[in-house]
There are 2 protein chains.
Amino acid sequence: MTSASPARSLSDRTYLQLREDIVAGKLQAGAKLKLEGLMQDYGVGMSPLREALARLIGDRMVTTEAQRGFWVAPMSLAELDDLTRVRSLLETEAISSAIVKGDAAWMQSVTDTFSQLADIEAQLPASAEALTPQLLEAWESSNRAFHASLVAAADSPIIIRFRQQLYQQSERYRRVSLTASRGWRSVTEEHLAIYEAVRDRNVLRACKMTEIHLTRTADEVRKAFAAANPERFLAAT
Amino acid sequence: MTSASPARSLSDRTYLQLREDIVAGKLQAGAKLKLEGLMQDYGVGMSPLREALARLIGDRMVTTEAQRGFWVAPMSLAELDDLTRVRSLLETEAISSAIVKGDAAWMQSVTDTFSQLADIEAQLPASAEALTPQLLEAWESSNRAFHASLVAAADSPIIIRFRQQLYQQSERYRRVSLTASRGWRSVTEEHLAIYEAVRDRNVLRACKMTEIHLTRTADEVRKAFAAANPERFLAAT
DNA sequence: GCCTCATAAAATTTCGAAATTATATTGACA
DNA sequence: TGTCAATATAATTTCGAAATTTTATGAGGC
């Protein structure tokens, strides 16, 4: 699964692999995580496995009940709404700070990551069926890098960390909707609008565009859920 | 140490005990956490201990380097400022939401926790020397309960969780300054002002009073650090 | 005297199994 | 036939020690 990762211990590696498999949906929301099975699947012992699970509980990717085991954290429309709301709050705060504090090197990194993302988005096919897994992975990676670079210069490590955590949680939801047909054109335009606002150091516009981007993304996800078997992915709301 | 706690497993209990000992300063900031020693001190084996540490890393109470072990997370004035800033952001958002969404039962719980806190604050002595550990613990508990009740009706589980985490982190800093002399009178007045604003469902005033309260508390902590051996508690800023 | 390399000690990380707790099954009784 | 208790099974939790990695120690060479 995840191969070349900066994991210095088995525990680290297992944590990253489990997280990726949950985000990707290989481990379905709500599924019971049997320790015996996970030890076999990931080829590790009890200790690093439990350590990885403890970290995933902090990330809200896994839930636990004492003496009863572990489950993949459920998904819900209520959580999607909450995630979107708090991301808006933190992301706008972070971008505002970054625009004020960021130097030329930061602006260059924003330009670079945006260019790479724009290149990939230009290659995206119109139909969802023609979207290869490789291209999807490249887009996910570039999208993550672009949004991370936007807030990298913010002078609040705590906000940056919280934002990062919520981004990962949201990725779970986005992955479900990305396999369905999407309005890629709109996303591309939204990224451009954010980039231009940041480039011009226009705080208000950058915040507004960011909020629109997050809201629209959440709308897409909500639609995809409504279309394809919501009961498979969603807990009772 | 922590005795009657809702811990269903050794791992849980160890997590709570370690966190309390770090917040209380029994485990000093920056100190190396030797696994062998911790196993003896807390009377547990390797597995629950490492699980507890993994959770504390998520809470930013502990840091780790692969293959090199664990340390009590350092403290810094920079982090105090960041904590104060983000707490203001989340706390005001949460209180606003709670005032709008909260029902009569919530308002009652706010009144109850405020009354209890006011009672205890009325008993506080003028000089720091006369402050008993029992009274300090009672105040910490009531203060926590009051502030928690204020935001309990907010309709964002994520904000409530983040707020809770930052409150615990801040408690570490506050404990250092509480042993020094304090302007208790001012804190009492601030709590009253927040309570009255919430009781009147005055969102703007509740937010403003909350911000003032957080800022003044941080100022007290900063002063206490300047007075008493900052290099003992603080990492390089 | 100082740097380098080999060796020893200490600490972390991981495994595998024992002990504990929860869940499922079976049989007795009303 | 349904309910409850007793037993058997399965799963989680914990321990203690082996394996790995880092850090400290000391000898030899420049």
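All chains are named by letter (A, B, ...) in the order of the sequence lines, taking the proteins before the strands, and each is independently numbered beginning at 1.
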| A/F70 side-chain proximity, nearest of D/dT13, C/dT13, D/dA11 | D/dT13
| message | Without decimals, in angstroms, what is the distance between A/W71 CH2 and D/dA11 C1'? | response | 11 Å
Strictly under 3.5 Å: I want the nitrogen or oxygen pairs between protein and nucleotides 15-20 of chain C, one per line.
unit_1 : atom_1 : unit_2 : atom_2 : d
C/dC15 : OP2    : A/G45  : N      : 2.6
C/dC15 : N4     : A/S47  : OG     : 2.7

| query | A/K32 side chain N/O closer than 4.0 Å to the phosphate oxygens (OP1, OP2) of D/dT12? | reply | yes
| remark: Between A/S11 and A/A66, the residue closer to the 5' end of DNA chain C by nearest nucleotide is A/S11
| message | What is the separation between atom CG on A/L49 and atom C1' on D/dT14, rounded to the nearest whole Å? | response | 15 Å
| message | Quick check with a 6.0 Å cut-off and a 45 degree axis cone: is A/R174 positioned over the face of A/Y167's six-membered ring? | response | yes
| Charged N to carboxylate O below 4.0 Å: is that the case for A/R85 and A/D82? | no
| B/H191 ring center within less than 6.0 Å of B/F146 ring center | yes
| query | B/L38 CG to C/dA11 C1': how many Å, rounded? | reply | 12 Å
| task | Return the value, rounded to whole Å, for the distance between atom CG of B/L35 and atom C1' of C/dT14. | result | 13 Å
| task | Using whole Å, report how far OH of B/Y42 lies from P of D/dT14. | result | 17 Å
| Distance below 4.0 Å between A/R68 side-chain N/O and C/dT23 OP1 or OP2 | yes
| task | Test the B/R87-B/F162 pair against the cation-pi criterion, namely NZ or CZ under 6.0 angstrom from the six-membered ring centroid and within 45° of the ring axis. | result | no
| task | Measure the distance from CZ on B/R55 to P on D/dT13 and round it to the nearest whole Å. | result | 12 Å
| request: Could you state the atom-to-atom distance from CZ of A/R8 to P of D/dT21 in whole Å? | output: 12 Å
| Taking CD from B/E65 and P from D/dT21, how many angstroms apart are they, rounded to a whole number? | 17 Å
| said: If you define the side chain from C-beta out and look only at heavy atoms, does anything of B/I57 sit under 4.5 Å from B/F70? | reply: yes
| Reckon B/L33 touches a base, only the sugar-phosphate, or nothing at all at heavy-atom distances under 4.0 Å? | sugar-phosphate
| Under-4.0 Å side-chain N/O to phosphate OP1/OP2 contact, B/R50 with C/dT12 | no
| query | Are the side chain of A/D59 and the backbone N or O of A/M61 linked by a donor-acceptor pair below 3.5 Å? | reply | no
| B/L150 side chain near B/T210 side chain, heavy-atom distance below 4.5 Å | no
